[in-house]
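Lettering follows sequence order; numbering is per chain, from 1.
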Amino acid sequence: MLEVEGLTKYYPSGVIRKQYAKAVDGVSFKIGKGKTLGLVGESGCGKTTIGRLILRLIEPTAGKVLFDGIDLLALKRKELRAIRSRMQMIFQDPDSSLDPRMKIGTSIAEPLKLQGATPKDKIGQKILELVETVGLHPEHINRYPYQLSGGQNQRVVLARILAMNPDLIIADEPTSSLDVSVQAQILNLMMDLQSTFGHTYLFITHDLDVVRIMADHIAVMYLGRIVEIGKTHDIFNGAKHPYTHALLSAAMMEPAAGQRERVILKGETPGPTDIPAGCRFHTRCIRREEICMLKDPETVEVGDGHYVACHFV
Amino acid sequence: MNLLEIINLTTHFQTPDGIVQAVDKIDLSIREKETFGLIGETGCGKTVIGLTIMRLLPPTATVGGEILYNGKNLLEVSETGMRKIRGEEIAIILQNPTTSLNPVLKVGEQIAEAIRLHQGLNKHDAKKKAIEMLDSVRISSPSRRANEYPHKFSGGMKQRVMIAMGLACDPSFIIADEPTKGLDVTIKAQIVELMKEMTEHKAMLLITHDLGVAAEMCDRIALMYAGELVEYAPLDEIFEKPLHPYTIGFLNSLPKKGLVPIPGMSPSLINFPDGCRFHSRCDYATGECKQKHPDMVEMGNGHFVRCFHARS
């Protein structure tokens, strides 16, 4: 359904000495129809940029994005507009994704009118249908976003997305501003919708526990590059990259977990303007050797669809 | 020996919409050197408990009950007396280090300020002590960093500064309100390790919605729902034998535990439902739960729960 190849985005910075912030640096992955890819990484690793590049909300520096066999980067403005209704995005903060002066019903009607597939006299009925699909009540239609909770607003966002009847949904941290019990409600709803409508998800998050449940495949990003990608089961049971190990062991839970060995990374992620030479992770890596400082590791296949970029695999 | 004892504490706020009962008749005690976790979701009143103990509430708040610290009721201490206690005996590490640090003051000066006020050191010595504190929270090249402004620090480093500031005057009790909020997982792990190490011999009230962090740090845990405590017990008991339906629901809604949501929403703190505050979301609710408000009862092993059906 979606194929991304060598996707790159450099932002120029610096006036006298030209520098580039390498937000996304040669990223490739594929997502099958009706499947979910979880894109995991810490803040500033470029995961949100990837979502925006795919939708061409920002223009990539290089690379290829194939959506259902169509090269998105070759499309003209008008063609892109037409195809965008098949790709929708859901953002982190539902309260700022909705127009505060628009009633919920009006908000949901907007995409229906834009898309034009629903006859005018059927719009009211369609809104009711959508509102029920996402687990809201008919009385919510006449309310404003400020009268609803964060979880309810995220349901409204989902109803708007369903109105467009998309194939691909890019979800950028859709639950990270919600409480856990509400997060569970929204994630369950998203999984139900996927099994009903066959959506393909690109699920962007920093939360490994969440992708473990949501995703078929997981890609781990560090400083603009995918350092490991594979089936969810393989990532959780046979992670090969030291960064993936660190992420997995940093996710905490249960008292007993204190007994297992924990990898705590030293230092912080360098900025995208000064990406370390060699392997970009070497400044924080516990397995670092001389080669890591000199040579950028190639991505190698270590198992069925399991790829790792590290010298020691 | 209880270092802090909260008896029948109530904090209400006057608002145009009515009285918000953020903290409603809470009893809680914290022993010396213990880390006590207060867990709850947005708007349950957990942050207000911390602010009430520190007496940092706005004038719209009315407080009732007692907060005994070393036997002394903090609610009766004069404002001058309270100023001495804050920082020196009880310190608070607030959430959101970005907004808690003064953007126009150098980081070292902000830490030194507390030291000067409480320990009477002169400017030079206070600065030296501030640099030592930065070093102890593992900020590299602390003497250079002390002369920088907060915007040059990353989120994790700002949180380290907040910890350094909180511990600068060697308080015996620390309130930490969501100390890991908004941090990346690898940075969160660093901060949790640091806090565990720095507060080993101190009592702490850890306020958080993150059970993972609480599991790493706490000796006992309390669950708060709609302004009151619904269950508290030693750490292992909460995880292995949760008794209150809210605690069970909270645990089950975690991605690791199967992502089973609790239906419905938390009630507003202005109008509590009759009977048990959780009954409308509870699978076990009976007629009794709709009419009577359950009391906290002990189930053995220091495990307390507010539910009529906990025994069955």
Is there side-chain contact between [X] and [Y], with at least one heavy-atom pair below 4.5 Å?
{"X": "M191(A)", "Y": "L259(B)", "value": "yes"}
{"X": "R281(B)", "Y": "S181(A)", "value": "yes"}
{"X": "L247(A)", "Y": "V185(B)", "value": "yes"}

ask   = Should L254(B) and Q183(A) be marked as a side chain to side chain contact (heavy atoms under 4.5 Å, CB included) after you check the CA-CA gap, both sets of side-chain angles, and the distance that decides it?
value = CA-CA 9 Å; L254(B) 292 169; Q183(A) 161 172 290; over 6 Å; no
Between [X] and [Y], which heavy-atom pair has the shortest distance, and what is it?
{"X": "E268(A)", "Y": "S154(B)", "value": "OE1-OG, 2.5 Å"}
{"X": "Q185(A)", "Y": "G264(B)", "value": "NE2-O, 3.2 Å"}
{"X": "N188(A)", "Y": "P261(B)", "value": "ND2-CD, 3.1 Å"}
{"X": "D184(B)", "Y": "E42(A)", "value": "CB-OE2, 2.9 Å"}
{"X": "E41(B)", "Y": "V180(A)", "value": "OE2-N, 3.8 Å"}

Contact leader toward chain B among R284(A), H206(A), M214(A), R212(A), where contacts are heavy-atom pairs under 4.5 Å = R284(A)
remark   = Answer key: most heavy-atom pairs under 4.5 Å with chain B among D207(A), I186(A), L265(A) is L265(A)
ask   = Judged by atom type as modelled, is there a donor-acceptor pair below 3.5 Å linking the side chain of D179(A) to the main-chain atoms of T42(B)?
value = yes
Report, as yes or no, whether the 6.0 Å neighbourhood of atom [atom1] on [X] holds more than 12 heavy atoms from other residues, nucleotides or ligands.
{"X": "Y284(B)", "atom1": "OH", "result": "no"}
{"X": "K35(A)", "atom1": "NZ", "result": "no"}
{"X": "K241(B)", "atom1": "NZ", "result": "no"}

query = So what's closer than 4.5 Å to chain B heavy atoms on I264(A): side chain, backbone, both or neither?
reply = side chain
query = If you measure from NE2 on H209(B) to CG on L178(A), what distance do you get to the nearest 0.5 Å?
reply = 10.5 Å
S253(B): side chain to side chain donor-acceptor pair (under 3.5 Å) partners, not counting sequence neighbours = none
